[in-house]
Amino acid sequence: MVTDFTSVDLTGSVFEDVCLARARFHDVDLAGADFRLMNLTGVRIRDALLVDMDISGQIRNLRVNGVDVVPLVEGELNRRYPDRDKMTPADAGGFREAWDILERLWQQTVARARGMAPELLHERVDGEWSFIETLRHLVFATDAWVRRAVLGDPAPWDPLDLPNDGNSEPSIPCDREARPSLDEVLALRADRMTTVRQVLADLTDDSLAGRTVPVTEPGYPAPESFPVRRCLQAILTEEWEHRLYAERDFDLLQARPDGDS
């Protein structure tokens, strides 16, 4: 069924798990709207008022007033974060170097977390994951893309694993309401980081160019063969981006009158 909304006030409406592919919006007021987990591939926006917007995500071939702004954004991000361009390595040695960088950066972020009030580590900022939830998700990412996809463990999960909000795979035990301590989740995280370090220590250029041996049991990711590079690149990207999210949220939490310095 296709519904037309013409001259209707839908202020405050919630659209969740809705398909609006090929929908047409004309003379629509979206001021103050919040978009999360959106697929905007192929979207065209014309004659729009784009003021005070904040966009984050996987961006490719984005033209603003006829200019592809992605190279400009990439250049600025690499200027702000000199190690960023090392997060897409070309060979096995580059992956090891990238992991060394990530371990060093995460040590700094964890040290910052230890200086904050424990309850702040469970607090969400603007609806995003808390710091503890972020660490739990990175454990899940390692379990999925390294322990399951690369190492072939069909069920590598820990009860504290935290999949993406849209991932309801029944084979993954997950208590989204769990509130482990920082030390508890860091112990789990240290185990997974050691696994990644060992996998990268054994990595060769030939194995990096190869494919995984698929598990046979259902789960996430799907029981199929993946390029090894894709699996390991997913880990680097998750580790890099989620640390930046955590630091961003720490800045906001500590800027509050009740935030620890």
Side-chain angles (χ1 to χ4, degrees), residues 36-37 56 81 83 87 98-151 153-200 219-221 232 234-261:
R36 297 171 188 259
L37 293 176
S56 65
Y81 309 110
D83 290 324
M87 293 301 118
W99 190 251
D100 287 342
I101 292 169
L102 287 167
E103 285 189 333
R104 168 174 54 81
L105 293 174
W106 270 109
Q107 287 174 358
Q108 299 169 8
T109 300
V110 169
R112 185 178 182 185
R114 290 195 179 280
M116 300 178 67
E119 60 270 17
L120 292 180
L121 303 182
H122 289 281
E123 185 167 335
R124 290 187 167 192
V125 176
D126 195 25
E128 302 291 344
W129 276 331
S130 69
F131 184 66
I132 296 294
E133 289 173 318
T134 293
L135 297 180
R136 292 177 58 194
H137 175 68
L138 291 173
V139 170
F140 163 75
T142 302
D143 284 348
W145 291 106
V146 176
R147 299 180 75 204
R148 178 176 162 90
V150 175
L151 297 180
D153 184 344
W157 321 113
D158 186 274
L160 289 179
D161 278 21
L162 186 61
N164 297 325
D165 290 341
N167 189 331
S168 58
E169 168 57 48
S171 67
I172 303 175
C174 174
D175 180 3
R176 293 188 180 273
E177 304 304 318
R179 289 175 63 88
S181 68
L182 177 61
D183 285 338
E184 184 179 0
V185 75
L186 282 178
L188 186 61
R189 175 118 164 92
D191 176 79
R192 299 312 194 264
M193 294 182 81
T194 297
T195 298
V196 175
R197 173 166 282 278
Q198 185 58 56
V199 167
L200 295 181
Y220 180 88
L232 299 180
I235 294 300
L236 296 188
T237 302
E238 289 279 302
E239 295 279 347
W240 177 267
E241 295 296 341
H242 280 288
R243 195 194 70 85
L244 290 181
Y245 299 154
E247 291 284 355
R248 173 202 64 193
D249 292 348
F250 282 171
D251 290 342
L252 295 173
L253 288 170
Q254 293 184 314
R256 299 185 330 194
D258 60 338
D260 289 356
S261 60

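Rounding to the nearest 0.5 Å places CG of L102 at 11.5 Å from CD of E238. Here R136 contributes atom CZ and R179 contributes atom CZ; the two are 10.5 Å apart, rounded to the nearest 0.5 Å. With rounding to the nearest 0.5 Å, the separation of CE in M87 from CD in E241 is 10.5 Å. Put simply, CH2 on W129 and CG on D249 are 12.5 Å apart, with the number rounded to the nearest 0.5 Å. Atoms CE and CG, from M193 and D191 in turn, are 11.5 Å apart once rounded to the nearest 0.5 Å. One distance of note links CZ of R189 with CG of L135; it measures 6.0 Å at 0.5 Å rounding.
In this structure, F140 and Y220 have parallel ring planes: the angle between them is below the 30° cut-off, well short of the 60° mark. The aromatic rings of Y245 and H242 stand perpendicular to each other, their planes meeting at an angle above 60°, with 30° marking the opposite boundary.
Annotation: side chain of I132 is in contact with side chain of P180 (closest heavy-atom distance under 4.5 Å). Using a 4.5 Å heavy-atom threshold, the side chains of L236 and W99 count as touching. Side-chain atoms of L120 and R256, non-hydrogen and from C-beta on, do get closer than 4.5 Å to each other. Looking at heavy atoms from C-beta onward, L182 lies out of side-chain contact with M116 at the 4.5 angstrom threshold. The shortest distance between side-chain heavy atoms of L188 and L160 falls below 4.5 Å. F250 has its side chain within reach of L121: a pair of non-hydrogen atoms, C-beta onward, lies under 4.5 Å apart.
Taking the charged nitrogens against the carboxylate oxygens, E239 and R192 have no contact shorter than 4.0 Å, which rules out a salt bridge. R112 and D251 are joined by a salt bridge, as a carboxylate oxygen and a charged side-chain nitrogen come within less than 4.0 angstrom of each other.
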- Under the side-chain contact (heavy atoms from CB on, under 4.5 Å) criterion, do L244 and Y81 qualify, and how do the steps go? CA-CA 10 Å; L244 290 181; Y81 309 110; 3.8 Å; yes
What verdict does the side-chain contact (heavy atoms from CB on, under 4.5 Å) test give for T195 and L151, after you've listed the backbone C-alpha separation in whole Å, the side-chain angles of each residue and the deciding distance to 0.1 Å? CA-CA 10 Å; T195 298; L151 297 180; 3.8 Å; yes
inquiry  = Could you walk me through whether L162 and V139 satisfy the side-chain contact (heavy atoms from CB on, under 4.5 Å) test, starting with their C-alpha distance in whole Å, then the side-chain angles of each, then the deciding distance to 0.1 Å, before giving a yes or no?
reply    = CA-CA 8 Å; L162 186 61; V139 170; over 6 Å; no
- Message: Run L138 and W106 through side-chain contact (heavy atoms from CB on, under 4.5 Å) and show every step you take.
- Response: CA-CA 12 Å; L138 291 173; W106 270 109; 3.4 Å; yes
Residue pair D83, R104: steps toward the salt bridge (Lys or Arg N to Asp or Glu O under 4.0 Å) verdict: CA-CA 11 Å; D83 290 324; R104 168 174 54 81; 3.1 Å; yes
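Checking side-chain atoms of R148 against main-chain N and O of P156 turns up no donor-acceptor pair under 3.5 Å. No donor-acceptor distance shorter than 3.5 angstrom exists from the side chain of H122 to the backbone of E133, with no hydrogens or angles considered.
Annotation for P221 and A149: closest pair CG-CB, 4.1 Å, computed over non-hydrogen atoms. Residues W157 and P173 share a closest heavy-atom pair of CB-CD, 3.7 Å. Taking each heavy atom of P163 and C174 in turn, the nearest pair found is CD-SG, 3.5 Å.
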